[in-house]
S.K.: 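Take a look at this one; I'll ask things after.
Keep in mind the model is a prediction, meaning the values are calculated, not measured. These numbers come from the heavy atoms of this one structure, side chains and all, not from hydrogens, waters or symmetry mates.
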Amino acid sequence: MKDETKSSGVATTASPGPTPDPAPSPREHPHRGVRVSGRDGAEGPKAFYIHIEALPGKENQVVRMLEDILGCVEEEPATGPWYAVRYSQTTFGIFEVFPDLAGRQAHVEGGGGDIFRDVERMNALLAYPAHVHRLDVLMSKEVFARR
């Protein structure tokens, strides 16, 4: 399935997910930290969507980083569904859900957060800072149907 938009009569293919940041200029690299948007909102189920853009040639290392993060979240009792996704050769994402604000904050302070705080590793792998979107979960289907 292609998402195409027409601009000035020319068809372009749009990336799925949030619009990525523009490529950094050489003077902007290395970057620092992560970019965070959204707000904490009212109490209730919470989520993060994290948009990740690998430097060309660093895609396999980003996959290993995602595996490392999964290893951390498997030990977090307040981290519910967790998914790492790939949109294109260099574009990745994480979608993760928490029962409440406290659970999301515990995750930020845990091992996965430590990986994102490793600025040297992030600068070596990512084209620009990972973009963390804070989300409120409005509704969900908690389990997969049995086959």
Side-chain angles (χ1 to χ4, degrees), residues 1-4 12-147:
M1 183 169 137
K2 264 188 172 177
D3 180 14
E4 293 185 349
T12 59
T13 302
S15 296
T19 304
D21 293 329
S25 70
R27 70 180 186 282
E28 292 174 352
H29 194 77
H31 55 77
R32 297 187 96 42
V34 298
R35 198 172 142 222
V36 180
S37 63
R39 56 186 184 80
D40 284 335
E43 193 56 58
K46 301 296 174 190
F48 280 140
Y49 171 74
I50 305 171
H51 189 86
I52 300 166
E53 187 68 32
L55 285 166
K58 300 294 184 174
E59 299 89 353
N60 291 337
Q61 290 95 323
V62 169
V63 171
R64 282 195 289 282
M65 178 189 76
L66 294 170
E67 291 168 346
D68 292 345
I69 294 169
L70 176 58
C72 294
V73 301
E74 286 177 335
E75 303 300 318
E76 296 174 359
T79 300
W82 186 94
Y83 301 93
V85 297
R86 186 175 208 159
Y87 292 111
S88 70
Q89 182 64 28
T90 59
T91 306
F92 300 84
I94 297 172
F95 182 74
E96 50 199 357
V97 181
F98 313 95
D100 52 28
L101 287 166
R104 188 166 69 183
Q105 187 59 36
H107 171 70
V108 168
E109 295 169 3
D114 288 342
I115 290 170
F116 279 104
R117 284 185 287 275
D118 183 347
V119 174
E120 184 176 334
R121 184 179 189 184
M122 296 297 100
N123 286 344
L125 301 180
L126 304 185
Y128 49 82
H131 186 165
V132 178
H133 300 265
R134 290 186 195 119
L135 308 169
D136 290 329
V137 175
L138 298 179
M139 54 195 88
S140 66
K141 177 182 174 190
E142 299 285 328
V143 296
F144 287 98
R146 293 183 186 253
R147 293 183 179 227

S.K.: Please report the closest heavy-atom contact between D40 and R104, naming both atoms and the distance.
M.R.: OD1-NH2, 3.0 Å

S.K.: Establish, yes or no, whether the cationic atom of R134 lies under 6.0 Å from the six-membered ring centre of F48 and within 45° of the ring axis.
M.R.: no

S.K.: Thinking salt bridges, do D68 and R121 make one under a 4.0 Å N-O criterion?
M.R.: yes

S.K.: Write down the atom of G110, the atom of R117, and the distance for their closest heavy-atom approach.
M.R.: O-NH2, 3.6 Å

S.K.: Write down the atom of L55, the atom of A124, and the distance for their closest heavy-atom approach.
M.R.: CD1-O, 3.5 Å

S.K.: Checking side chain to side chain contact (heavy atoms under 4.5 Å, CB included) for the pair L70/W82: CA distance, chi angles, key distance, verdict?
M.R.: CA-CA 8 Å; L70 176 58; W82 186 94; 3.6 Å; yes

S.K.: side-chain contact (heavy atoms from CB on, under 4.5 Å) with M122: which of V34, I52, I115?
M.R.: I115

S.K.: Answer whether the closest heavy-atom distance between the side chains of E96 and L135 falls below 4.5 Å.
M.R.: no

S.K.: Verify the neighbour count for atom CD of E75: are there more than 12 heavy atoms of other residues, nucleotides or ligands below 6.0 Å?
M.R.: no

S.K.: Taking only residues two or more places apart in sequence, or in another chain, which ones meet F116 in a ring-ring contact (aromatic ring centres under 6.0 Å, His included)?
M.R.: none

S.K.: What are the two closest heavy atoms between G103 and A78, and how far apart are they?
M.R.: CA-CB, 3.5 Å

S.K.: Within the 4.5 Å heavy-atom criterion, are V62 and L126 side-chain neighbours or not?
M.R.: yes

S.K.: List the residues meeting side chain to side chain donor-acceptor pair (under 3.5 Å) with R64, not counting sequence neighbours, and say none if there are none.
M.R.: none

S.K.: Partners of D136 by side chain to side chain donor-acceptor pair (under 3.5 Å), sequence neighbours excluded?
M.R.: K46

S.K.: Going by ring-ring contact (aromatic ring centres under 6.0 Å, His included), name the residues that satisfy it together with F92, two or more places apart in sequence or in a different chain.
M.R.: none

S.K.: S140: what forms a side chain to side chain donor-acceptor pair (under 3.5 Å) with it, not counting sequence neighbours?
M.R.: E142

S.K.: Sub-3.5 Å donor-acceptor pair from the side chain of E74 to the main-chain atoms of C72, do we have one?
M.R.: no

S.K.: Of all the heavy-atom pairs spanning G57 and E59, show the shortest one and how long it is.
M.R.: N-OE1, 3.1 Å

S.K.: Using a 4.5 Å cut-off on heavy atoms from C-beta on, say whether the side chain of Y128 contacts that of H51.
M.R.: yes

S.K.: Just jot down the side chain to side chain donor-acceptor pair (under 3.5 Å) partners of R86, sequence neighbours excluded, or say none.
M.R.: none

S.K.: Ring centroids only, cut at 6.0 angstrom: are H107 and F98 within range, meaning strictly under it?
M.R.: yes

S.K.: Taking C-beta and beyond as the side chain, do V132 and Y49 meet within less than 4.5 Å on heavy atoms?
M.R.: no

S.K.: Looking only at side-chain N and O atoms, does E53 offer a donor or acceptor that is under 3.5 Å from a partner on T91?
M.R.: yes

